[in-house]
Amino acid sequence: MTKLSVNINKIATLRNSRGGDVPNVVQFAKDVQRFGAQGVTVHPRPDERHIRYQDAYDLKPEVYTEYNIEGNPVDSFMKLVLSIKPTQVTLVPDAVNAITSNAGWDTLKHKDFLIDIINEFKRNDIRTSIFVDPVLKQIEGAKETGTDRIELYTETFAHQYSLGNKEAIKPYAECAQLASKLGLGINAGHDLSLDNIQFFKENIPNLLEVSIGHALIAESLYLGVENVINMYLHKLK
Ligand SMILES: CC(=O)[C@@H](O)[C@H](O)COP(=O)(O)O
Ligand SMILES: NCC(=O)COP(=O)(O)O
């Protein structure tokens, strides 16, 4: 079975656009777990434009499934994760001003840095995962860092699949096979959706967890809007 971890960054983005507390991110996390999600993911960025550091603390007592905190291990992020002690930390090399994550780690170039950071989290009993492109030598490099898991960066797959190119799964399947052989756990995320998730899952052996945010929230709007319009119409009769 592959676990679904719901990335709730978009809920924070919507809340922040009005400055109040609607929608409430903690309530949303409680609800997705009640509906069956097996994890909650947040990706706090230093500018806190999406999820805020305080949200990550507030979520800690309410996330009774797997709590996954993603981000670039700058000092403030390290401090946050080490004090919350989530189930898993996913290291992502995102630039401060990037709209969203747009590349995996160069695990060869940053090997020593990653080893130090991963050791620190493992000393604190936090499972580690590192965000990587589907490139075999990067998986081998990931193994050298001592990480428990990798997260395959699925943007290219999702884009190519939407264009009808099913061959785009190949490098992911090859990397997953290698990762399994090396004893690395396999997560995946970025732009996974109701359209592509089944095909991805069927072709990736030993897929432990996917984290999904952007598409899942957009799909929830579409799949829920008819119901909400009808509720308004009913009250306006
Ligand atoms: C690590 C990753 O794949 C990203 O998708 C990220 O977690 C999403 O974060 P945003 O919602 O802030 O773009
Ligand atoms: N790690 C990927 C993630 O948390 C969600 O990415 P996306 O579904 O918002 O693209």
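Since we're looking at a predicted model, the values are computed, not measured. When a ligand or atom number is given, it counts from 1 through the structure's own listing order.
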- Query: Hey, is Asp55 close enough to Arg15 for a salt bridge, meaning N to O under 4.0 Å?
  - Reply: yes
- Could you label the plane-to-plane angle of the His190 and Tyr153 rings as parallel, tilted or perpendicular, counting under 30° as parallel and over 60° as perpendicular? perpendicular
- Note on the structure: of all protein heavy atoms, closest to atom 6 (C) of ligand 1 is His43 ND1, 3.3 Å
- If you draw a 6.0 Å radius around OH in Tyr64, do more than 12 non-hydrogen atoms from other residues or ligands fall strictly inside? yes
- Message: Closer than 4.0 Å to some heavy atom of His190 - which atoms of ligand 1 meet that?
- Response: 2 (C), 3 (O), 4 (C), 5 (O)
- Item | Cationic N near anionic O, under 4.0 Å, Arg45 to Asp47 | no
- Over 12 foreign heavy atoms within 6.0 Å of CG, Asn230: yes
- Message: Do the side chains of Lys122 and Asp148 get close enough for a salt bridge, i.e. N-O under 4.0 angstrom?
- Response: yes
- Please could you name the atoms of ligand 1 that His50 approaches to less than 4.0 Å, counting only its heavy atoms? 12 (O)
- Task: Please answer: with hydrophobic residues joined when any side-chain heavy atoms are less than 4.5 Å apart, are Met78 and Tyr67 in the same cluster?
- Result: yes
- Atom indices of ligand 1 within 4.0 angstrom of Asn7 heavy atoms, with elements: 7 (O), 8 (C)
- Within a radius of less than 6.0 Å around CD1 of Ile99, do more than 12 heavy atoms belonging to other residues, nucleotides or ligands occur? no
- Query: Would you say the side-chain atoms of Trp105 pair up with the backbone N or O of Leu91, donor to acceptor, closer than 3.5 Å?
  - Reply: yes
- Hey, is ligand 1 close enough to Ser101 that some N/O pair sits below 3.5 Å? no
- Below 4.0 angstrom, N of the basic side chain to O of the carboxylate: do Glu140 and Lys137 qualify? no
- List by chain and number: which residues place a heavy atom under 4.0 Å from ligand 2? Asn7, Thr41, Glu70, Glu151, Gly189, His190, Asp191, Ser211, Ile212, Gly213, His214
- Query: Among Arg45, Glu70, Lys10, which residue places a heavy atom closest to atom 9 (O) of ligand 1?
  - Reply: Arg45
- Message: Give me the residue, atom name and distance of the protein heavy atom closest to atom 13 (O) of ligand 1.
- Response: Thr100 OG1, 2.5 Å
- Query: Where on Tyr153 is there a heavy atom closer than 4.0 Å to ligand 1, on the side chain, on the backbone, on both, or on neither?
  - Reply: neither
